[in-house]
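Sharing a structure below in structure tokens format, with a few things to ask.
Basis for what follows: all heavy atoms, side chains included, without hydrogens, waters or symmetry-related copies. In this text the structure is predicted, and so the values were computed from the model without any measurement. Naming convention: chains lettered A, B, ... in sequence-line order (proteins, then strands); numbering from 1 in each chain.
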Amino acid sequence: MIQSVMNIKYDSSRVEKKWQKQWEQEGIWDTKENSSSPKFYVLDMFPYPSAQGLHVGHPEGYTASDIVARFYRMKGYHVLHPMGFDSFGLPAENYAIKTGTHPATTTAKNINNMRRQIKSLGFSYDWKREVITSDPEYYKWTQWIFLQLFKHGLAYESYAPINWCPKDKTGLANEEVINGKCERCGTPVVKKKIKQWLVKITDEKYIERLLHGLDDLDWPESIKTLQRNWIGRSEGAIVNFELWTGNKEPRRKLSEVLSSKFKVISVFTTRPDTLFGATYMVLSPEHELVDLITTEKQFKAVEKYKKESAAKSDLERTDLAKEKTGVFTGAYAINPVNNAKIPVWIADYVLSTYGTGAIMAVPAHDERDFEFAKKFKLPIIQVIKPPSVMPKTYPSLGSASAWGVKEADLESQCWTGDGTMVNSGQFNGISSEQGRKKIVEWLNSKTEQVHNACLIVHGISGHKRENWFPWLKEELNKAGWETIVPTMPGAGHPVLNSWDEYLGQFDQRINENSVLVGHSLGCASILFHLQQLEKKVDTVILVAPTNPLQYWPQLKQKYPQADWDAVKNMSSAQNFNWPKIRSLAKRFIIIHSDNDPYVPPESMAYYKENLPEAEIHCMPGKSHFSESTGGVTSLPEILPFFPKSSSNSSVAQATINYKLRDWLFSRQRYWGEPIPIIHCEICGQVPVPEKDLPVLLPDVKKYEPTGTGESPLANIKEWVNVKCPQCGGPARRETNTMPQWAGSNWYFLRYCDAHNDKQLADPEKLKKWLPVNLYIGGAEHAVLHLLYARFIYKFLFDIKAVPEKCGDEPFKKLKNQGLILGEDGQKMSKSRGNVVNPDEVIEKYGADTMRMYEMFMGPFEDAKPWNMQGIIGVRRFLDRLYKAGENVADVELNKGKRSLHTLIKFITNDIENFKFNTCVSHFMEASNEWFSEEIVPREAYETFLVLLSPFAPHLAEELWEKLGHKKSIFNEKWPEFDPKLIVKAEITLVVQVNGRVRDQFTVPAGISETEAQERALASEKIKKWLGGKQPKKTIFVPGRLINFVV
RNA sequence: GCCGCCGUGGCGGAACUGGUAUACGCGACGGACUUAAAAUCCGUUGGCCGCAAGGCCGUGUCGGUUCGAUUCCGACCGGCGGCACCA
């Protein structure tokens, strides 16, 4: 029970309030901007201002960072130590739904309460730099960052299915889904297809940097591993399996299938060495090819299975799927290594979102495939022989037969490790590691050399296009093209309508053998897309290229009803980076006519100028629209320009896959930063001009999300309906808000220049402070916050918003505080009733006691239970220290010098090594040694107070003042220890016989081995243990022990 | 299942680089002060045997390396955290 401390002399609450007030008035924690001393940036993860206020876990991290901040200040550093609030989020919004109180009101109230609580612990924060993410002055720059992402093609809208929490009525990022349930409310998550904004964290430009950047960081290894696993890089190969053309009763004509974008089934595998053991294939039920290949006979079963798996929530699909399920499609594919005809199944153990959404199944060497094959009686062929001898032999571990079992016993288990290849044709006998490489090489070399992808984009040139493209497709098919990716027909202006989908399909298929064809305005699209893709291709063919600069304004007028949403990419035609485009293709071909009103000489001049190396072919007498073809000319005439069969088609291609998915950046909720995009019917997605930022979050009457995927903002007509900033036409604001994590991934930049209204922060100030030297917070942010913040920082670095000098990693050193558990050893929670309220602790014991106890409980990074009884020990220590102040006298510190300097050394080292718990122990030990005496030497007492001041600032300051000092103790320099004074004159030498302690005595510290031996052998006890025998060997550890071996 | 971390007194924990295991604190027990209690102060406190000197055992379990292991290696058991059909 909490015991009364009323009659203790030290009145903590009075003293603490007194100094908190005085420090604030004097502004002694204000950051000194102009200082030539080295900088140190100590950052805490800022809290969400919850209604429950501060948790005892918060002060643990804050105290540690405060100790470090004060320590570095006293060591002469120039320290930035700020605090703020991450104040957008669901709880305030849910509270608003329940009570009608505006989230801003709730948030302000909670912030005030938490700020009071934080201040009551006496931390040395520079509150003048406080950052609040829901403050428009702040989120203006969150929006600005979003606009930069958008302008760099890293923020995009998509209709893909997302994780949807039915209770919170909002989309969740993958990282927010835990065991198939919503991180916040535990509701099972379902898939929902809604329009959403995503941020391309998986962009090639960033993903490897996010991975490798971890290598040099001073972070806990566990967090780095967590991030690496989350990114989930795996190396392997994409292998193409041809469809078997003899399939019976196809529902679709073979030509239809083959002319689709899937002529083959592509799989991703990390084990190409097991290809000879691939006895069947599995597509995920969502795979687009399923419809095309399923046979009439299997159609019903496949449809039923697809429906079933679609209806399952993620939770059911993973949790309940202990038993594998699946259905045969009726189709077969050809294994490229041995031309074996293997069945194609669908099963929901194959994920549509990873790899290509299809696998080759090698039941002998993959647990899941094995299980599936057993259940559906599919053949199992062993192709890897497990090593029969262990890499290292340990006789104690029994015989190697334990390993041999796996070789023989394919009935009940499979071998997923490496080994020697068997049943694999010419690869028999080589190791599986080698086989991985060799099989991929071999497959590539034996394949007929043809192109594998042709991307065709036409313009909006109108009527006859429907004829041109199917025909082109067919002709190219006949000509032996491996894969033709067609345009998608649709209403109005087909390409434009399907533009987004269209691009997505190509991206992975395009490689250095691809040919890209554009017609009319599609030429600009092709070039722009190529530039965005940043992949090398073989050839770019431009047929009747119209000058985009000339045409877009006209077209907008001409086709006001068109889906101009989709034209956005082309509106950026002004942004062509010609040198880059020219570097991306080996060959450029331009085909035009001399009789084309849409391709006037200016257009040709435009392309000639920018693509000087292009081969130009003029078709005399043709026009832009030709009767039969819809193109500039008839196909037979342009086909010769398609380069034929000049390079490799990749049947197998080494590649890399990641688990990480793009970051869901929109929520269908209210209390968040509005996404600064305007949707115009003509111009599409238009970024809000920077001068119009911030887009303020308006008031609403109802906070409930509509549940249909729209936020409550959609109901405010006067806010939603705006004029397009580009064309002035009618437009609508984006009504989704940003996710919880939007504001928190750059707040540490803002602290450097918290009130700048011209830019997110002055680069000069960023240069001064970044990167963060020490970042302290909970391990629960290991993935979400720390990954996103690193990504945004790298992006800001790339666009030069973060100066080059700062580097592209924001947090040099990271420390995670361990969880503080309840007294019952369980996680603190309201329902368990084991929550400790910091306010009460401070009231009973004082802030300094609280701070020191939190440090004393155990290692900073370990989880440890709170103990109300334990805290009294710290309080007693502080009381004794307080009392000892009365006995301070100006006496010479003679013998005490050594222990004083030892203490300085311990405290200094332990702070540097984050061992705050042992600091407290050292303080207590020193206190027991010195302060129970009648006379306390001033030198010892004062130095002790300076060392203690980062831990117990109020008491240290109070006692410092009582000693007669006029200036704050925090102006003191951190004491240095003198190594000479620490050396002990005498030590206890331990004498061992056969490694067991048998005697010990005090000897001069520098005792030599011979002397030590003499003394030890003289000991009666040792004589007894030696039993008259001569030691075989003597081990002498200077300053510690001597050991005789007999 | 996979990845990471961790097992030391009644409890939180300490132990440098392989060198006296259990520092410091809590609790418990005994004592002082007090009419009494609280508070405070002093002492004892890993287990077993012994009057004692002293001895034996002891850092999750079993084994290994070593003159010597809480520390290094191997296997296992138990706990915590994360990921989870990632091909």
Open item on the list: Give me the distance, rounded to whole Å, that separates U44(B) from U35(B) when you measure between the P atoms they each carry.
Closed with: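 About 28 Å, rounded to a whole number of Å.
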Open item on the list: Centre-to-centre under 6.0 Å for Phe1044(A) and Trp1025(A), is that the case here?
Closed with: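 Between Phe1044(A) and Trp1025(A), the centre distance exceeds or equals 6.0 Å.
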Open item on the list: Once you apply a heavy-atom cut-off of 4.0 Å, does Ala782(A) come out as touching a base, just sugar-phosphate, or nothing?
Closed with: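 Ala782(A): no heavy atom of the nucleic acid under 4.0 Å.
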Task: Gln1000(A) vs Arg271(A), nearer the 5' end of RNA chain B by closest nucleotide - done: Gln1000(A)
- [ ] Determine the contact category for Val1037(A): base if any of its heavy atoms lies under 4.0 Å from a base atom, sugar-phosphate if only primed atoms, P, OP1 or OP2 are that close, otherwise nothing.
- [x]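 Base, at least one base heavy atom under 4.0 Å.
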Open item on the list: OP1 or OP2 of C57(B) versus the side-chain N and O atoms of Arg996(A): is any pair under 4.0 Å?
Closed with: yes
Open item on the list: Regarding Lys224(A), tell me which of base, sugar-phosphate or nothing describes its non-hydrogen contacts under 4.0 Å with the strands shown.
Closed with: nothing
Open item on the list: On the nucleotide U40(B), are OP1 or OP2 found under 4.0 Å from the side-chain N or O atoms that Arg876(A) carries?
Closed with: yes
Task: Gln826(A) CD to G79(B) C1', straight-line distance once rounded to whole Å - done: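 Value for this atom pair: 12 Å.
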TODO: Using a strict 4.0 Å threshold on nitrogen-to-oxygen distance, state whether Lys374(A) and Glu371(A) make a salt bridge.
DONE: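 Between Glu371(A) and Lys374(A) there is no salt bridge, as every charged N stays at least 4.0 Å from the carboxylate O atoms.
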- [ ] For G19(B), give its Watson-Crick or G-U wobble partner with both distances under 3.5 Å, or none.
- [x]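 Pairing partner, where one exists within any strand: C67(B).
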Task: Donor-acceptor pair under 3.5 Å, Lys324(A) side chain vs C85(B) base - done: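 Pair found.
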- [ ] Using a 4.0 Å heavy-atom cut-off across all strands, classify Lys864(A) as base, sugar-phosphate, or nothing.
- [x]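 Sugar-phosphate only.
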TODO: To the nearest Å, give me how far apart CG (Leu351(A)) and P (A87(B)) are.
DONE: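 Spelled out: CG on Leu351(A) to P on A87(B) is 10 Å.
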Open item on the list: Need the pair for G4(B). Rule: Watson-Crick or G-U wobble, both distances under 3.5 Å, any strand; none if unpaired.
Closed with: C80(B)
TODO: May I have the step-by-step check of side chain to side chain contact (heavy atoms under 4.5 Å, CB included) for Ser12(A) and Asp848(A), ending in yes or no?
DONE: CA-CA 8 Å; Ser12(A) 53; Asp848(A) 286 337; over 6 Å; no
- [ ] Check every strand shown and say whether Asn928(A) touches a base, only sugar-phosphate, or nothing at a heavy-atom separation below 4.0 Å.
- [x]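 The residue Asn928(A) makes sugar-phosphate contact but no base contact.
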- [ ] Would you please classify the geometry between the Phe914(A) ring and the Phe860(A) ring as parallel, tilted or perpendicular, with 30° and 60° separating the classes?
- [x]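 Geometry flag for Phe914(A) against Phe860(A): perpendicular rings.
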Task: Below 4.0 Å: OP1/OP2 of A53(B) and any side-chain N or O of Lys1024(A) - done: no
- [ ] Find the partner of U40(B): check Watson-Crick (N1-N3 plus N6-O4 or O6-N4) and G-U wobble (N1-O2, O6-N3) distances, both under 3.5 Å, and reply none if neither fits.
- [x]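 A32(B) is the nucleotide pairing with U40(B).
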- [ ] Go through the side-chain N and O atoms of Ser234(A) and Asn657(A) and say whether any donor and acceptor fall under 3.5 Å apart.
- [x] no
- [ ] Run the numbers on Val56(A) and Met850(A) for side chain to side chain contact (heavy atoms under 4.5 Å, CB included), then give the verdict.
- [x] CA-CA 9 Å; Val56(A) 285; Met850(A) 168 100 181; 3.9 Å; yes
TODO: Mind checking Asn917(A) for me? I need base, sugar-phosphate or nothing, with any heavy atom below 4.0 Å counting as a touch.
DONE: sugar-phosphate
- [ ] Give me the residues of residues 848-858 of chain A where at least one heavy atom lies under 4.0 Å from an atom of RNA chain B, by number, or none.
- [x] Phe856(A), Met857(A)
Task: Basic-acidic side-chain contact under 4.0 Å: Arg436(A), Asp418(A) - done: yes
Open item on the list: If I pick the P atom on C11(B) and the same atom on C2(B), what distance separates them, to the nearest angstrom?
Closed with: 32 Å
Task: Proximity to the side chain of Met924(A) - top-ranked nucleotide from C24(B), G68(B), A84(B) - done: C24(B)
Task: Complementary nucleotide of C62(B), counting Watson-Crick and G-U pairs under 3.5 Å - done: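 G74(B) is the nucleotide pairing with C62(B).
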Task: Salt bridge flag under 4.0 Å for residues Arg875(A) and Asp879(A) - done: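 Here Arg875(A) pairs with Asp879(A) in a salt bridge, since their nearest N and O are under 4.0 Å apart.
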- [ ] Give Arg661(A) one of three labels, base, sugar-phosphate or nothing, depending on what nucleic acid heavy atoms sit under 4.0 Å from its own.
- [x] base
Task: Assigned glycosidic conformation for G9(B) [threshold 90° from 0] - done: syn
TODO: Please say which of Phe370(A), Phe372(A), Phe241(A) ends up in a ring pair (Phe, Tyr, Trp, His ring centres under 6.0 Å) with Tyr280(A).
DONE: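 Only one option passes, and that is Phe372(A).
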Task: Euclidean distance for C1', G50(B) against C57(B) (whole angstrom) - done: 15 Å
Task: Nearest to side-chain heavy atoms of Thr988(A), which nucleotide of U20(B), A23(B), G25(B) - done: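 Nearest nucleotide to the side chain: U20(B).
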Task: Under-4.0 Å side-chain N/O to phosphate OP1/OP2 contact, Trp1025(A) with G55(B) - done: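 Indeed, a polar side-chain atom of Trp1025(A) lies that close.
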Open item on the list: Using modelled atom types and a 3.5 Å cut-off, is there a donor and acceptor pairing between side-chain atoms of Asn913(A) and backbone atoms of Lys915(A)?
Closed with: no
Open item on the list: Can you measure Lys844(A) atom NZ to A39(B) atom C1' for me and round it to whole angstrom units?
Closed with: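 Between C1' of A39(B) and NZ of Lys844(A): 16 Å.
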TODO: Look through every strand shown and name the nucleotide pairing with C24(B) as Watson-Crick or G-U wobble, where both distances are under 3.5 Å.
DONE: G12(B)
Open item on the list: Strictly below 4.0 Å: does Ser234(A) bring a side-chain N or O up to OP1 or OP2 of A87(B)?
Closed with: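 Yes, within the criterion.
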TODO: Determine the interatomic distance between C1' on U71(B) and the same-named atom on C6(B); round to the nearest Å.
DONE: 15 Å
Open item on the list: So, applying ring pair (Phe, Tyr, Trp, His ring centres under 6.0 Å) with Tyr853(A), which one of Trp866(A), Phe916(A), Tyr845(A), Phe951(A) is it?
Closed with: Trp866(A)
- [ ] Determine whether the side chains of Thr849(A) and Tyr10(A) contain a donor N or O and an acceptor N or O closer than 3.5 Å.
- [x] no
Task: Given C67(B), C24(B), C83(B), the nucleotide with the shortest approach to the side chain of Val1045(A) - done: C67(B)
TODO: Establish, from distance only, whether the side-chain atoms of Asp369(A) and Tyr349(A) form a donor-acceptor pair under 3.5 Å.
DONE: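 Yes, side-chain donor-acceptor contact under 3.5 Å.
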Task: Whole-Å C1' distance, C29(B) and G82(B) - done: 45 Å
Task: Distance between P atoms of G60(B) and G7(B) (Å, rounded) - done: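 Straight-line distance between the two P atoms is 8 Å.
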Task: Which residue lies more 5' along RNA chain B, comparing Lys1021(A) with Tyr658(A) via nearest heavy atoms - done: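 Of the two residues, Lys1021(A) wins.
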Task: For C85(B), the Watson-Crick or wobble counterpart (both distances under 3.5 Å) - done: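 Partner of C85(B): none.
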- [ ] Quick one: label Val993(A) by what it contacts on the DNA or RNA (base, sugar-phosphate, nothing), any heavy atom closer than 4.0 Å.
- [x] nothing
Open item on the list: Using the P atom as the point on both nucleotides, what is the distance between C3(B) and U61(B), in whole Å?
Closed with: 25 Å
Pairs: protein N or O with nucleotides 1-3 of chain B N or O, under 3.5 Å:
none

TODO: For C62(B) versus C24(B), give the span between their C1' atoms, rounded off to a whole number of Å.
DONE: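 Result for the C1' pair: 34 Å, nearest Å.
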Open item on the list: Using a heavy-atom cut-off of 4.0 Å across all strands, would you classify Arg998(A) as base, sugar-phosphate, or nothing?
Closed with: sugar-phosphate
Open item on the list: If the cut-off is 4.0 Å, is Lys1033(A) near the phosphate of C67(B), judged by side-chain N/O to OP1 or OP2?
Closed with: yes
Open item on the list: By nearest atom, which of the nucleotides A14(B), G12(B), C26(B) is closest to the Pro865(A) side chain?
Closed with: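 The answer is G12(B).
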